Colleague: 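First, the structure itself, so that you have it in front of you.
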Amino acid sequence: MNEEEILETTAEYVKQKLQNVDAGHDWWHIQRVWKYTKAILKEERANSFTCQLAAILHDIADHKFHAGDENIGAETAADFLTEMQVPPPIIEEVKHIIQHISFTKSFDKQSYFSPELAIVQDADRLDAIGAIGIARAFTYGGFRNQEIHNPEIFFKESSNKEAYKQARNSTLHHFYDKLLKVKDKMNTKTGKRLAENRHEFLKIYLNQFFEEWEGLV
Ligand code: ADP
Ligand code: NI
């Protein structure tokens with residue numbers, strides 16, 4: 001199989017595998033991250049095949065839904081790529097990307113860097129902000145039965161990874177815990193540029209939200 005065919009087969013595999021997951025992490029999320037990865041690749045230098053494989057496979061098995069097992073995604077992806085006879089160095093890199101892409105990891109000391117990780121992580125982060133990021137946050141909030149907003153609970157950033165993972169706050173709180181911080185965590189120049197418009201939209205949304213909440217508009 002050539003690279004194009006491997007990418008298509010991988011996409012089909014992931015589409016099948018993600019059939020019953022929540023809407024925030026479904027096939028459409030993967031398709032968007034793949035699209036953003038290709039957009040960033042037009043302006044940044046990295047191995048395109050590796051980035052695209054990692055983008056397609058990055059959420060194949062989310063630790064949040066597998067009893068906290070943080071390696072299951074990378075292992076599942078590696079098994080699949082081995083079957084597809086992808087060269088081992090590319091499989092290794094895809095594994096590294098999947099192991100380090102998560103926002104949760106940004107609480108740990110950065111232990112791995114590659115231009116490929118930088119790009120796919122940026123693509124994944126773009127999907128957490130802007131109009132789509134907002135839709136995903138409320139979808140996830142609904143899934144966890146979180147409140148939309150609770151004015152009696154003061155916004156407080158999670159200071160570490162465990163606090164972030166355990167946070168059972170309102171979804172509006174999550175904007176302050178994560179969404180508004182994404183812009184400054186972008187890795188690539190292109191990613192930073194693409195994040196700006198989405199970040200501005202988050203701020204506009206929050207202004208309107210609080211004005212409505214107070215009955216001002
Ligand atoms: P990762 O999968 O990179 O570890 P997260 O778990 O933070 O990242 O987020 C996955 C998606 O779910 C994102 O769109 C994120 O904003 C949303 N999300 C995560 N935690 C919450 C939460 N507590 N409330 C609302 N949305 C959340
Ligand atoms: Ni993702």
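Counting convention: from 1, in listed order, for ligands and their atoms alike. It should be emphasised that the depicted structure is a prediction, and the values quoted were computed from it without experimental measurement.
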Colleague: Taking atom types as modelled and ignoring hydrogens, do the side chains of Gln121 and Asn187 form a donor-acceptor contact shorter than 3.5 angstrom?
Modeller: yes

Colleague: Among Gln146, His174, Arg136, whose heavy atom sits nearest atom 15 (C) of ligand 1?
Modeller: His174

Colleague: Any side-chain donor-acceptor pair under 3.5 Å between Ser48 and Gln52?
Modeller: yes

Colleague: Nearest to atom 23 (N) of ligand 1 by heavy atom, Arg144, Arg125, Gln121: which?
Modeller: Arg144

Colleague: Check the side chains of His29 and His58 for a donor-acceptor pair under 3.5 angstrom, ignoring hydrogens and angles.
Modeller: yes

Colleague: Is it true that Thr188 and Asp122 share a donor-acceptor pair across their side chains at a distance under 3.5 Å?
Modeller: yes

Colleague: List the steps and the verdict of side-chain contact (heavy atoms from CB on, under 4.5 Å) for Leu172 and Leu206.
Modeller: CA-CA 9 Å; Leu172 252 263; Leu206 285 170; 3.5 Å; yes

Colleague: Taking 2.8 Å as the limit, list every protein N, O or S atom around the Ni ion (ligand 2), by chain and residue number.
Modeller: His29 NE2, His58 NE2, Asp59 OD2, Asp124 OD1

Colleague: Give the atoms of ligand 1, by number and element, whose distance to some non-hydrogen atom of Ser102 is under 4.0 Å.
Modeller: 1 (P), 3 (O), 4 (O)

Colleague: For residues Leu179 and Ile129, report the shortest heavy-atom separation together with the two atoms involved.
Modeller: O-CG2, 3.4 Å

Colleague: Looking only at distances, please establish whether an N/O atom of ligand 1 is found under 3.5 Å from an N/O atom of Lys178.
Modeller: yes

Colleague: State, to 0.1 Å, how close His149 and Ser170 come at their nearest heavy-atom pair, and which atoms those are.
Modeller: CA-CB, 3.6 Å

Colleague: Determine, step by step, whether Lys189 and Glu43 satisfy the salt bridge (charged side-chain N to carboxylate O under 4.0 Å, His left out) criterion, reporting the C-alpha distance in whole Å, the side-chain angles of both residues, the deciding distance to 0.1 Å, and the verdict.
Modeller: CA-CA 9 Å; Lys189 216 173 133 198; Glu43 297 174 46; over 6 Å; no

Colleague: Does NZ or CZ of Arg198 come closer than 6.0 Å to the centre of the six-membered ring of Tyr36, within 45° of the ring's axis?
Modeller: yes

Colleague: Report the part of Leu179 (side chain from C-beta onward, or backbone N, CA, C, O) that has a heavy atom under 4.0 Å from ligand 1; answer both or neither where that applies.
Modeller: side chain

Colleague: Closer than 4.0 angstrom: is that true for some heavy atom of His25 and an atom of ligand 1?
Modeller: yes

